[in-house]
Amino acid sequence: GAGVSQSPSNKVTEKGKDVELRCDPISGHTALYWYRQRLGQGLEFLIYFQGNSAPDKSGLPSDRFSAERTGESVSTLTIQRTQQEDSAVYLCASSARAGVTYNSPLHFGNGTRLTVT
Amino acid sequence: AQSVTQLDSQVPVFEEAPVELRCNYSSSVSVYLFWYVQYPNQGLQLLLKYLSGSTLVKGINGFEAEFNKSQTSFHLRKPSVHISDTAEYFCAVRLPRGGSNYKLTFGKGTLLTVNP
């Protein structure tokens with residue numbers, strides 16, 4: 001596809017339910033990021049995948065959050081037992097390479113707006 | 001660790017007026033600096049970046065930013081704004097090298113509203 005695709009675009013769920021958010025990166029992009037954007041806040045780093053290396057999960061706020069990526073393709077972010085403070089826009093981004101190769105900009109998806117009632 | 005402060009959460013301006021969106025950062029080492037724009041219900045797009053060299057960098061849509069090392073600032077400017085510039089603008093920093101240099105640290109954003 002032409003850009004990073006995220007689904008669903010909107011998700012409303014009841015407190016305590018599990019949700020799964022999906023990200024399709026740009027084909028060929030080896031690096032994939034998840035960020036969280038809460039109302040009135042900047043973007044918080046959640047997790048980073050680079051090729052077959054172990055992911056950097058240092059930004060995940062609790063053990064209710066997990067993410068997977070199959071090879072260099074789709075990623076899913078799962079939130080278990082959702083809480084109201086999980087309400088936010090979850091943004092996915094990909095890049096051709098990361099780190100030292102600074103000329104590879106991040107391409108962001110349009111995000112998934114999660115509302116926990 | 002790095003941090004980014006965007007001093008204004010909201011900036012209202014009239015069309016064709018100049019605008020400056022302020023960004024200050026804190027870091028014990030040199031960083032790369034970025035400005036991103038987010039239009040309603042969309043993801044972020046890169047406006048411009050400072051990596052090294054000339055401290056005045058030009059980006060898309062007529063925006064420019066100036067890196068000031070002594071003041072640890074990277075303010076974004078446009079001499080004449082359009083209605084279509086209404087969006088949220090984020091300043092971000094990243095380490096140029098090191099174990100976690102893939103991470104961007106973002107400010108809280110500045111909502112620019114351009115009024116007719």
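Protein chains get the first letters and strands the later ones, always in sequence-line order, with residue 1 at the start of each. Excluded from the calculations below are hydrogen atoms, water molecules and symmetry mates; all remaining heavy atoms, backbone and side chain alike, are included.
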Contact origin within A:Glu44 toward chain B - heavy atom pairs under 4.5 Å: neither

query: At a heavy-atom separation under 4.5 Å, does A:Leu91 approach chain B through its side chain, its backbone, both, or neither?
result: side chain

message: Report which part of A:Ser58 has an atom under 4.5 Å of a heavy atom belonging to chain B: side chain, backbone, both, or neither.
response: side chain

field: B:Tyr32-A:Leu106 co-clustered via ILVMFWY side chain contacts under 4.5 Å
entry: yes

task: Answer with side chain, backbone, both or neither: which region of B:Gln45 has an atom nearer than 4.5 Å to a non-hydrogen atom of chain A?
output: neither

message: Would you say the rings of B:Phe34 and B:Tyr50 are close, in the sense that their centroids are separated by under 6.0 Å?
response: no

query: Hey, do the aromatic rings of B:Tyr36 and A:Phe108 have their centres closer than 6.0 Å?
result: yes

message: Please classify the contact of B:Leu104 with chain A as side chain, backbone, both or neither, using a heavy-atom distance under 4.5 Å.
response: both

Modelled atom types, side-chain donor and acceptor of B:Asn24 and B:Ser26, under 3.5 Å: no

task: Kindly state whether the ring of B:Tyr102 and the ring of A:Tyr48 have centres lying under 6.0 angstrom apart.
output: yes

message: Is B:Leu44 close to chain A through its backbone or its side chain, or both, or neither, when contacts mean heavy atoms under 4.5 Å?
response: both

